[in-house]
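Start at 1 with the first residue, then count along the sequence. Note that the coordinates shown come from a computational prediction; the quantities given were computed from them, not determined experimentally. Hydrogens, waters and symmetry mates are skipped; everything else that's a heavy atom, side chains included, is used.
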Amino acid sequence: MNSKRPVNLDLTTIKFPLPALTSIAHRITGVILFVGLVFALWALDASLSSPEGFEAVRETLATNFLAKIVAWGLLSALGFHFVAGIKHLLMDMDIGVELESANRKAQVTVVISAVLVVLAGVWVW
C-alpha cells in the first residue's frame with residue numbers, strides 16, 4: 001500500500017487557521033464555565049443563605065485577590081463563549097461558511113471577546 005498519509009501525526013507542527021483556534025477555544029471556555037459553576041453556585045448559595053453570608057461573599061470578592069482572578073476568569077470565559085457561540089449559530093444557519101468570511105468572523109470574535117475581557121477586568125477591579 002503506497003499511501004501518502006502521515007503515519008505519526010504530530011499536532012504540534014500543524015498551523016491551525018484562526019477559525020479552528022476560535023472553535024477550540026470555544027470548547028475550552030465551555031469546560032472552564034462548567035468547572036467554574038462550582039464557585040458561582042457556592043457564592044450564590046452563601047449570599048442567599050443570610051445577610052451575613054451575603055456580606056461574607058461581598059467581602060471575599062472585594063478583598064481576596066484569588067477570588068477576583070476567579071471571577072474575572074469566569075466572566076472572560078463567559079464573554080468569549082457567548083461571542084463564539086453566536087459565531088457558531090451563524091455558521092449553523094449557513095451564514096459566513098466560506099473561507100474568507102469564516103476568517104473575518106473569527107477575527108471579529110477575537111476582537112469583541114478581547115473588549116469583553118477588558119471590560120470584565122475593569123468591572124471586577
Side-chain angles (χ1 to χ4, degrees):
M1 182 164 127
N2 190 8
S3 176
K4 295 186 190 244
R5 294 177 55 190
V7 178
N8 187 10
L9 187 60
D10 183 12
L11 294 178
T12 60
T13 61
I14 296 175
K15 291 195 112 186
F16 290 106
L18 187 60
L21 293 174
T22 58
S23 181
I24 293 167
H26 182 248
R27 290 178 174 93
I28 292 170
T29 56
V31 171
I32 291 169
L33 288 172
F34 182 75
V35 172
L37 201 58
V38 173
F39 172 75
L41 289 177
W42 166 82
L44 180 66
D45 180 51
S47 67
L48 294 177
S49 65
S50 67
E52 294 80 22
F54 176 81
E55 191 58 35
V57 171
R58 191 195 65 73
E59 183 69 24
T60 300
L61 287 173
T63 60
N64 190 335
F65 183 74
L66 183 60
K68 285 185 177 188
I69 290 289
V70 169
W72 180 58
L74 287 175
L75 288 172
S76 299
L78 181 63
F80 182 85
H81 195 75
F82 178 77
V83 174
I86 298 293
K87 178 182 77 97
H88 282 288
L89 286 175
L90 291 173
M91 288 173 53
D92 288 343
M93 294 186 290
D94 279 340
I95 298 173
V97 292
E98 296 80 24
L99 182 60
E100 186 176 318
S101 59
N103 282 328
R104 187 74 180 142
K105 279 192 322 191
Q107 291 169 348
V108 168
T109 298
V110 170
V111 169
I112 292 174
S113 299
V115 169
L116 290 175
V117 166
V118 169
L119 290 175
V122 168
W123 187 53
V124 168
W125 274 280

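With hydrophobic clusters built from ILVMFWY side chains whose heavy atoms lie under 4.5 angstrom apart, W42 does not share a cluster with L48. W72 and W123 fall within the same hydrophobic cluster, defined by Ile, Leu, Val, Met, Phe, Trp and Tyr side-chain heavy atoms under 4.5 Å apart, directly or through other members. Hydrophobic clustering places L75 together with W125 (ILVMFWY residues linked when any side-chain heavy atoms are closer than 4.5 Å, directly or through intermediates). Taken together through direct or relayed side-chain contacts under 4.5 Å among Ile, Leu, Val, Met, Phe, Trp and Tyr, L74 and V124 form parts of separate hydrophobic clusters.
Between E98 atom CD and R104 atom CZ the span is 15.0 Å, to the nearest 0.5 Å. In this structure, CG in L116 is found 14.0 Å from NE2 in H81, a value given to the nearest 0.5 Å. Distance CD1/I112 to CD/Q107: 12.0 Å, rounded to 0.5 Å. In this structure, NZ on K105 lies 13.0 Å from CD on E100, to the nearest 0.5 angstrom. In this structure, the separation between CD1 on I32 and CG on L78 is 11.5 Å, given to the nearest 0.5 Å.
Screening T22, I95, V108 for a side-chain contact (heavy atoms from CB on, under 4.5 Å) involving K87 leaves a single residue, T22. The only option from L18, V115, V83 that meets the side-chain contact (heavy atoms from CB on, under 4.5 Å) definition with V110 turns out to be L18.
For F54, the CZ atom is loosely surrounded, since the number of other residues' heavy atoms within 6.0 Å does not exceed 12.
Residues S113 and F80 share a closest heavy-atom pair of OG-CD1, 3.2 Å. Nearest heavy atom pair, residue A43 against residue V57, reads O-CG2, 3.8 Å. Of all non-hydrogen atoms in S49 and G53, the two that sit nearest each other are OG-CA, 4.2 Å. Taking both residues in full, the closest heavy atoms of A77 and T29 are given as O-CB, 3.7 Å, listed atom of the first, atom of the second, then distance.
Looking only at side-chain heavy atoms (C-beta outward), L90 and M93 come within less than 4.5 Å of each other. R58 has its side chain out of reach of S47: every pair of non-hydrogen atoms, C-beta onward, lies at least 4.5 Å apart.
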Let me have the donor-acceptor pairs involving side chains of residues 62-69, under 3.5 Å, with sequence neighbours excluded, atom names and distances please.
from : atom 1 : to  : atom 2 : distance (Å)
T63  : OG1    : E59 : O      : 2.7
N64  : OD1    : L66 : N      : 3.0
K68  : NZ     : A62 : O      : 3.3

Check step by step if side-chain contact (heavy atoms from CB on, under 4.5 Å) holds for I28 and I24. CA-CA 6 Å; I28 292 170; I24 293 167; 3.9 Å; yes

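No donor-acceptor pair under 3.5 Å is formed between the side chain of S23 and the backbone N or O of P19.
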